[in-house]
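Since this is a predicted model, take the numbers as computed values, not measurements. Chain naming here is simple, since letters A, B, ... match the order of the sequence lines and numbering starts at 1 in each. Note: hydrogens, waters and symmetry copies are ignored here, and every other heavy atom, side chains too, is used.
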Number of protein chains: 2
Amino acid sequence: MTKNITIHDLAKELGLDSSTISRALSDSPRVGSKTKERVLEKAKELGYQRNLMASNLRTNKTMTIGVVVPHISRHFFSEAIDGIEQVVASKKYRVVISQSRDDFENEKEIVNGLFMNRVDGLLISPSMETPNGDHLDLFYKNKIPVVLFDRYFDNGGLSKVIFEDNKGAYDLTQHLIDNGCKRIYHLAGDLNSQIYMQRFAGYKEALKENNLDFEETFVKESNLYKEDAEEFIVDLLKDKNNFPDAIICANDVSALAIMKYLDENTDIKVPEDIAIAGFSNEPASAIIKPGLTTIDQHPFRIGKTAADMLLKFIDDKENAFNASNTIVVKSELIIRGSSKKNK
Amino acid sequence: MTKNITIHDLAKELGLDSSTISRALSDSPRVGSKTKERVLEKAKELGYQRNLMASNLRTNKTMTIGVVVPHISRHFFSEAIDGIEQVVASKKYRVVISQSRDDFENEKEIVNGLFMNRVDGLLISPSMETPNGDHLDLFYKNKIPVVLFDRYFDNGGLSKVIFEDNKGAYDLTQHLIDNGCKRIYHLAGDLNSQIYMQRFAGYKEALKENNLDFEETFVKESNLYKEDAEEFIVDLLKDKNNFPDAIICANDVSALAIMKYLDENTDIKVPEDIAIAGFSNEPASAIIKPGLTTIDQHPFRIGKTAADMLLKFIDDKENAFNASNTIVVKSELIIRGSSKKNK
DNA sequence: TAAAAAAATACAATCGATTGTACAAATATT
DNA sequence: AATATTTGTACAATCGATTGTATTTTTTTA
């Protein structure tokens with residue numbers, strides 16, 4: 001193994017002290033310009049590459065941001081990570097990305113690991129199982145900024161960038177009502193999670209304000225996978241007398257699964273017989289026919305915003321710990337064919 | 001700021017030497033069990049967290065893998081990253097992820113940065129612009145293993161995990177021919193890129209072996225975005241006499257765009273009037289109607305395989321630099337409605 | 001030209017953990 | 001009980017870069 005070149009090697013070669021090399025390489029005014037040139041040239045000649053492990057240790061900075069998400073490959077998160085990476089890279093930071101797989105134990109381990117690596121800040125979208133922010137105390141106590149995004153918990157003091165889940169679901173519901181729907185069901189996510197809770201609440205509020213029926217049986221809590229959606233619709237089909245005239249799903253995956261199921265297994269037509277709406281605006285939602293009415297969550301923007309906030313906190317730690325800052329990213333109603341009843 | 005607790009703090013508190021603390025924490029046989037207990041207890045009490053910056057510097061290991069992809073949020077790459085992360089995390093490694101945005105200058109900077117961070121290995125899917133592996137010499141010379149995945153270049157010595165692009169395109173073409181297609185066009189990607197080159201070659205081979213016509217005009221090189229696909233189909237529609245009876249697109253995005261365009265703007269039916277096939281098996285391809293015939297690339301498996309190979313090289317550097325290992329991940333033909341002509 | 005000021009460079013400690021060697025204490029052997 | 005052996009700890013150097021202080025060299029000023 002070609003031994004790595006260090007500033008000491010350069011120093012020896014040039015008959016200078018390593019401190020001078022260090023200063024020359026960081027363009028310090030304390031080093032003469034001829035010397036700087038010599039150093040730079042020699043560094044290039046020997047293929048010197050600064051060792052950031054050493055540098056980080058000394059400066060107590062890693063220029064690294066930890067990012068924790070439930071699943072990297074989910075459309076929402078990969079878009080958010082794209083946004084994060086873009087912002088962070090432009091400020092010469094790097095991202096270390098881990099996935100909790102919605103497992104709290106996993107998440108705790110990851111968070112500890114990131115702390116041991118002394119990341120300069122943490123962006124986290126907690127797992128479904130995460131009850132509170134106690135496992136982030138480590139960061140809090142050591143004044144390393146943390147920003148939650150998308151998912152969160154009511155845990156005093158943590159800053160976050162969240163989505164208008166309530167408003168999104170409200171708008172969706174109101175839109176369906178405006179289109180003549182009266183018996184609107186809701187396939188919900190895990191109601192222990194703030195985001196699904198909010199979606200459920202927005203849906204309910206809209207029903208209430210329009211004096212529409214709401215019964216507990218209208219709502220089914222689930223994991224929102226394809227299979228959950230199929231199970232849900234199969235159940236509903238058993239009692240055709242009480243069939244809904246609209247379903248709002250808490251994500252697109254389940255909404256698409258229901259549309260697909262109805263199309264392939266029944267002669268129930270969307271939107272004529274039943275309107276369907278989803279949440280998240282996945283790429284497939286624009287491609288299915290009819291298109292799926294949904295809420296765009298602007299995941300890229302959420303990621304960007306969270307990263308911006310975190311970097312601001314890193315620069316200005318005062319503010320990072322004085323108040324819990326919350327930014328709410330606006331929802332956007334995307335109306336497509338699946339909701340166009342209008343009778 | 002609560003000063004971080006170090007092994008020296010623990011040592012002072014317990015009246016021991018820091019070396020003993022270090023050994024106790026790593027469960028060395030050289031430390032007595034009672035002492036170990038005392039250390040562990042005190043560590044927990046004071047909330048000690050090992051500083052990996054220091055540890056890394058000393059041991060010259062970071063337990064970190066650098067990952068470079070063109071775009072994090074593309075389905076293929078986010079799935080591949082998922083696979084990588086899964087493998088790597090199980091061996092207590094972490095991933096630092098960067099995106100080149102298909103910009104070579106960017107990629108060079110990222111690669112240098114990862115080297116300065118002394119990652120223990122590098123997984124890279126090079127940008128479209130990357131001409132060769134010269135910018136990876138740094139790793140090669142310093143015996144840090146590198147594995148290319150998906151995209152690659154013919155540059156002696158680098159190990160890689162690639163996809164059966166040629167075979168995939170061949171199978172797709174053969175399948176269309178078996179279904180009665182005779183005039184098969186190809187919307188290609190950038191032909192400077194090995195993967196698109198291979199897909200093109202596979203398509204051409206299949207035509208040849210079946211003694212079917214091939215003309216240069218059958219092929220259009222493009223960036224494979226939605227807009228490119230629309231432009232392509234609009235052009236074809238101008239000359240209805242020479243309209244193809246099948247199009248193989250080098251990715252799903254463009255194939256879906258063509259299907260969507262035909263459906264919304266013409267009365268040309270898929271697959272009755274024209275068969276369409278894509279490449280990559282995006283989620284939307286299973287949802288559109290008719291479903292899009294395509295090739296599954298198993299991106300998750302590609303990621304996993306590449307990560308496995310890299311970790312093996314890290315453990316056994318001998319082999320990492322003796323030969324260039326190449327694993328080819330098998331393609332899978334996914335037949336859906338868009339190709340079912342059979343007349 | 002000598003003294004003062006400014007510029008360039010060297011010295012040495014430090015960041016926190018690891019690890020080879022040396023030493024001391026405890027236990028075993030004869 | 002005296003010596004040999006094992007076990008447990010301490011000492012000290014090291015990883016590579018950074019940075020405050022000290023020193024030398026050069027330039028300026030009187």
Residue whose closest nucleotide on DNA chain C lies nearer the 5' end, A:Thr20 versus B:Ser22: A:Thr20
To the nearest Å, how far apart are B:Met53 CE and C:dA17 C1'? 12 Å
Reckon A:Ser55 touches a base, only the sugar-phosphate, or nothing at all at heavy-atom distances under 4.0 Å? sugar-phosphate
Atom CG of B:Leu158 and atom CZ of B:Phe321: how far apart are they, to the nearest 0.5 Å? 9.5 Å
Within the 4.5 Å heavy-atom criterion, are B:Asn117 and B:Thr64 side-chain neighbours or not? no
For A:Ile7 and D:dC15, what is the distance between atoms CD1 and C1' respectively, to the nearest whole Å? 12 Å
Heavy atoms only, 4.0 Å cut-off, all strands: where does B:Leu52 land among base, sugar-phosphate and nothing? nothing
Report the distance from atom CZ of A:Arg30 to atom P of D:dG20, rounded to the nearest whole Å. 8 Å
N-O pairing of A:Arg101 and B:Glu85 below 4.0 Å: yes
Integer-rounded Å distance: D:dA13 P and B:Asp17 CG: 13 Å
Check this for me: does any side-chain nitrogen of one of B:Glu105 and B:Lys108 sit under 4.0 Å from a carboxylate oxygen of the other? yes
Start at the 5' end of DNA chain D and walk down; is the nucleotide closest to A:His8 or to B:Gly15 reached first? B:Gly15
Using whole Å, report how far CG of B:Asn60 lies from P of C:dT18. 14 Å
Classify the nucleic acid contact of B:Arg23 as base, sugar-phosphate or nothing, counting any heavy atom under 4.0 Å across all strands shown. base
Once you apply a heavy-atom cut-off of 4.0 Å, does B:Thr6 come out as touching a base, just sugar-phosphate, or nothing? sugar-phosphate
Base, sugar-phosphate alone, or nothing: which one does A:Thr35 contact when heavy atoms must sit under 4.0 Å apart? sugar-phosphate
Rounding to a whole Å, what distance do you find between A:Asn51:CG and C:dC15:P? 18 Å
Basic-acidic side-chain contact under 4.0 Å: B:Glu45, B:Lys42: yes
Starting at CZ of A:Arg118 and ending at P of C:dC15, how long is that distance when rounded to a whole Å? 14 Å
Spacing between B:Lys12 atom NZ and C:dG16 atom C1', to the nearest angstrom: 13 Å
